[in-house]
Amino acid sequence: MALALLAGAGPLPADEPKAPAGWKPVASTQSGLLLEPPLDLSWFTTGEFERVSATVGPEKIRKAWTTAVTALPPHSRPEVKGLTEPEVEDYMRQVRRLFDEGAANPVSDVGLISTQEDVIRKPMYNHIAAFSNAVAHVYLLVQKTSGNGGWGYFSIVQDRTTDPPTDYYAEIKGTEIKFEGTSCYKCHSSGPLAIHPVRADLVSDAALAAALNRHIADQPVSRMHFPQDDPPPDYGKPLALEACTECHDRGGDRAPLFKVHAHPIRVLVDYGYMPVKHRLTPEELAELKAWLEAKP
Ligand code: HEC
Ligand code: HEC
């Protein structure tokens with residue numbers, strides 16, 4: 001049971017159902033990588049997760065689905081090589097509209113990376129939906145922190161007509177699209193991120209999450225589009241730890257990792273997600289910590 005694995009977990013809340021089959025519970029490995037002690041969420045119930053998630057409009061979420069990725073109509077310019085910014089913006093508005101109309105298949109979760117070390121240290125509610133046609137893979141994140149009022153809308157459009165594909169990131173504010181750079185790159189080093197719920201019972205549909213993760217894992221390594229007013233700074237030297245560069249490297253399955261990615265690195269390694277098949281040795285862990293803490 002997920003809760004029992006969390007350090008200092010109290011008695012199980014009464015409305016705590018069984019964790020969905022197929023999602024393994026996560027717990028800090030106490031690696032010392034987290035900047036804050038692991039967040040104790042034992043007070044937080046599945047019922048509260050479901051209640052707050054549904055404030056986005058219950059008809060929009062927890063839908064029966066057959067394909068995890070919603071099909072978009074074909075692109076208007078069939079021979080397109082490189083989407084224009086207005087075309088990217090249209091895709092973002094389109095997926096927001098589909099979500100608002102209840103035509104998307106979102107998975108709802110409380111995300112590990114954003115919840116665990118987020119400055120407010122409170123559950124972060126996500127609804128994530130994927131869409132595609134022949135030229136674009138489009139993702140929508142509808143997100144809310146406990147406490148503040150509304151739901152925020154964020155989107156990634158992966159333009160598949162360039163080589164490598166180009167990822168555009170933006171916040172959707174009403175009909176206005178605000179493209180962003182480093183503020184998104186600091187977690188999204190390789191494009192869309194796999195869904196990692198903070199607890200096995202805080203995901204609405206484990207099978208849908210697994211299907212979306214397969215779709216995300218199949219993505220080719222892409223290049224991030226930085227808006228003109230937010231160009232990429234010099235990120236310094238990439239992480240050279242062999243236990244990571246085996247995959248996260250130029251020419252590898254995932255893009256290289258830089259210091260700017262410290263936050264997801266700390267969380268995914270501490271929670272035992274990275275590296276994928278084994279744990280770091282104490283020496284490797286010390287090397288990773290030294291790299292994260294070194295002054296540029
Ligand atoms: C603190 C780290 C962090 C930052 C910064 C961040 N994201 Fe994410 N984002 C995540 C995580 C983690 C997920 C997957 C969450 C889950 O487990 O449900 C995600 C998911 C998404 C998704 C759904 C598709 C996917 O990748 O799974 C979109 C769209 C998205 N983010 C857009 C953005 C945009 C746009 C920005 C910048 C304005 C941004 N994100 C900044 C961590 C971050
Ligand atoms: C066997 C290949 C492999 C190794 C080795 C590996 N990773 Fe990953 N990593 C992945 C894959 C695949 C993903 C995307 C799926 C996921 O997030 O679970 C990922 C995701 C990540 C992410 C989120 C950004 C992204 O690329 O989506 C970070 C940060 C990360 N890994 C850090 C590390 C660190 C640090 C190490 C070494 C301690 C490491 N990884 C070792 C394959 C690997």
Side-chain angles (χ1 to χ4, degrees), residues 26 31 33 92 95-96 99 106-119 124-131 137-143 152-158 167-173 177-199 202-204 209-210 212-219 221-222 224-225 227 230 238-249 252-258 260-281 284-285 287-289 291-292:
V26 293
S31 66
L33 283 173
M92 292 179 168
V95 297
R96 175 178 181 154
F99 177 86
V107 65
S108 311
D109 82 339
V110 169
L112 172 70
I113 294 178
S114 38
T115 293
Q116 207 29 249
E117 292 235 291
D118 186 78
V119 276
M124 191 82 108
Y125 300 83
N126 300 324
H127 303 295
I128 291 176
F131 310 80
H137 282 192
V138 187
Y139 299 87
L140 180 72
L141 166 67
V142 183
Q143 189 174 62
Y153 288 73
F154 303 88
S155 182
I156 303 171
V157 170
Q158 186 166 77
D167 292 340
Y168 292 80
Y169 288 77
E171 179 172 2
I172 311 173
K173 294 180 157 176
I177 305 291
K178 192 175 170 294
F179 286 112
E180 297 204 33
T182 298
S183 62
C184 310
Y185 180 65
K186 66 184 185 190
C187 288
H188 290 272
S189 47
S190 282
L193 280 163
I195 293 157
H196 293 298
V198 70
R199 224 168 58 195
L202 300 182
V203 57
S204 59
L212 284 176
N213 281 355
R214 278 195 299 278
H215 176 67
I216 290 170
D218 283 344
Q219 70 195 345
V221 174
S222 52
M224 178 156 173
H225 170 85
D230 187 6
L239 175 62
L241 193 66
E242 221 179 292
C244 311
T245 56
E246 197 189 309
C247 302
H248 297 267
D249 203 359
D253 287 348
R254 312 292 296 177
L257 295 165
F258 296 91
V260 68
H261 304 123
H263 172 93
I265 292 173
R266 288 179 189 278
V267 176
L268 289 179
V269 176
D270 183 73
Y271 277 80
Y273 279 111
M274 294 292 143
V276 177
K277 291 210 173 79
H278 56 99
R279 297 285 70 83
L280 292 180
T281 63
E284 289 171 325
L285 197 53
E287 192 181 331
L288 179 59
K289 263 189 220 160
W291 179 79
L292 287 166

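All ligand and atom numbering here is 1-based and tracks the order in the structure. Counting from 1, the numbers follow the sequence of the chain as shown.
Under 2.8 Å from atom 8 (Fe) of ligand 1, one finds the following protein N/O/S atoms: His188 NE2. Annotation: protein N, O or S atoms under 2.8 Å of atom 8 (Fe) of ligand 2 (waters excluded) comprise His248 NE2, Met274 SD.
Within the 4.5 Å cutoff, the side chain of Leu239 has heavy atoms near those of the Leu288 side chain. Inter-residue side-chain proximity for Leu202 and Asp109 is flagged as unmet; no heavy-atom pair is nearer than 4.5 Å. Here the side chains of His196 and Leu268 are in contact, with some heavy-atom distance below 4.5 Å.
Under 4.0 Å from ligand 2, not a single heavy atom of Asp253 appears. Only backbone heavy atoms of Ser155 (N, CA, C or O) come within less than 4.0 Å of ligand 1; its side chain stays farther off. The proximity of Ala130 to ligand 1, defined as any non-hydrogen pair under 4.0 Å, does not occur for either the backbone or the side chain.
Every atom of ligand 2 is numbered from 1 in the order shown, and the set under 4.0 Å from a heavy atom of Ser189 is 24 (C), 25 (C), 26 (O). Those atoms of ligand 2 with a heavy atom of Ala194 less than 4.0 angstrom away are 15 (C), 16 (C), 17 (O), 18 (O).
The side chain to side chain contact (heavy atoms under 4.5 Å, CB included) test with Val267 singles out one residue from Ile113, Thr115, Val198, and that residue is Ile113.
At least one N/O-N/O distance between Asp109 and ligand 1 falls below 3.5 Å. In terms of polar-atom proximity, His263 is not counted as a contact of ligand 1, lacking any N or O under 3.5 Å from an N or O of the ligand.
Nearest protein heavy-atom neighbour of atom 15 (C) of ligand 1: Asn126 ND2, 3.6 Å. Ranking protein heavy atoms by distance to atom 17 (O) of ligand 1, first place goes to His196 N, 2.9 Å. The nearest heavy-atom contact from the protein to atom 23 (C) of ligand 1 is Ile128 CG2, 3.7 Å. At the top of the distance list for atom 5 (C) of ligand 1, counting protein heavy atoms only, stands Ser183 O, 3.1 Å. If you check which protein heavy atom lies closest to atom 12 (C) of ligand 1, you get Ile113 CB, 3.5 Å. With hydrogens left out, the protein atom closest to atom 24 (C) of ligand 1 is Tyr139 CB, 3.7 Å, a heavy atom. At the shortest separation from atom 35 (C) of ligand 1 among protein heavy atoms lies Ala170 O, 3.4 Å.
Checking side-chain atoms of His137 against main-chain N and O of Ile156 turns up no donor-acceptor pair under 3.5 Å. Between the Arg254 side chain and the Cys247 main chain, no donor and acceptor come within less than 3.5 Å of each other.
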(request) Begin from the C-alpha positions of Val26 and Tyr273 and carry the test side-chain contact (heavy atoms from CB on, under 4.5 Å) through to its verdict. (result) CA-CA 9 Å; Val26 293; Tyr273 279 111; 2.8 Å; yes
(message) With side-chain contact (heavy atoms from CB on, under 4.5 Å) as the criterion, how do Asn126 and Ile195 come out once you've worked through the C-alpha distance, each side chain's angles and the decisive distance to 0.1 Å?
(response) CA-CA 10 Å; Asn126 300 324; Ile195 293 157; over 6 Å; no
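For the ring-ring contact (aromatic ring centres under 6.0 Å, His included) test, no residue two or more places apart in sequence or in another chain qualifies with Phe99. With sequence neighbours excluded, the residues that form a side chain to side chain contact (heavy atoms under 4.5 Å, CB included) with Ile216 are Tyr139, Pro192, Asn213, Gln219.
By the neighbour-count criterion of 12 heavy atoms within 6.0 Å, atom NZ of Lys186 is sparsely surrounded, having that number or fewer from other residues, nucleotides or ligands.
Aromatic pair His225/Tyr169: ring centres not closer than 6.0 Å.
At least one heavy atom of Ala243 sits less than 4.0 Å from an atom of ligand 2.
Of all heavy-atom pairs between Val95 and Ser155, the closest is CG2-OG, 4.2 Å.
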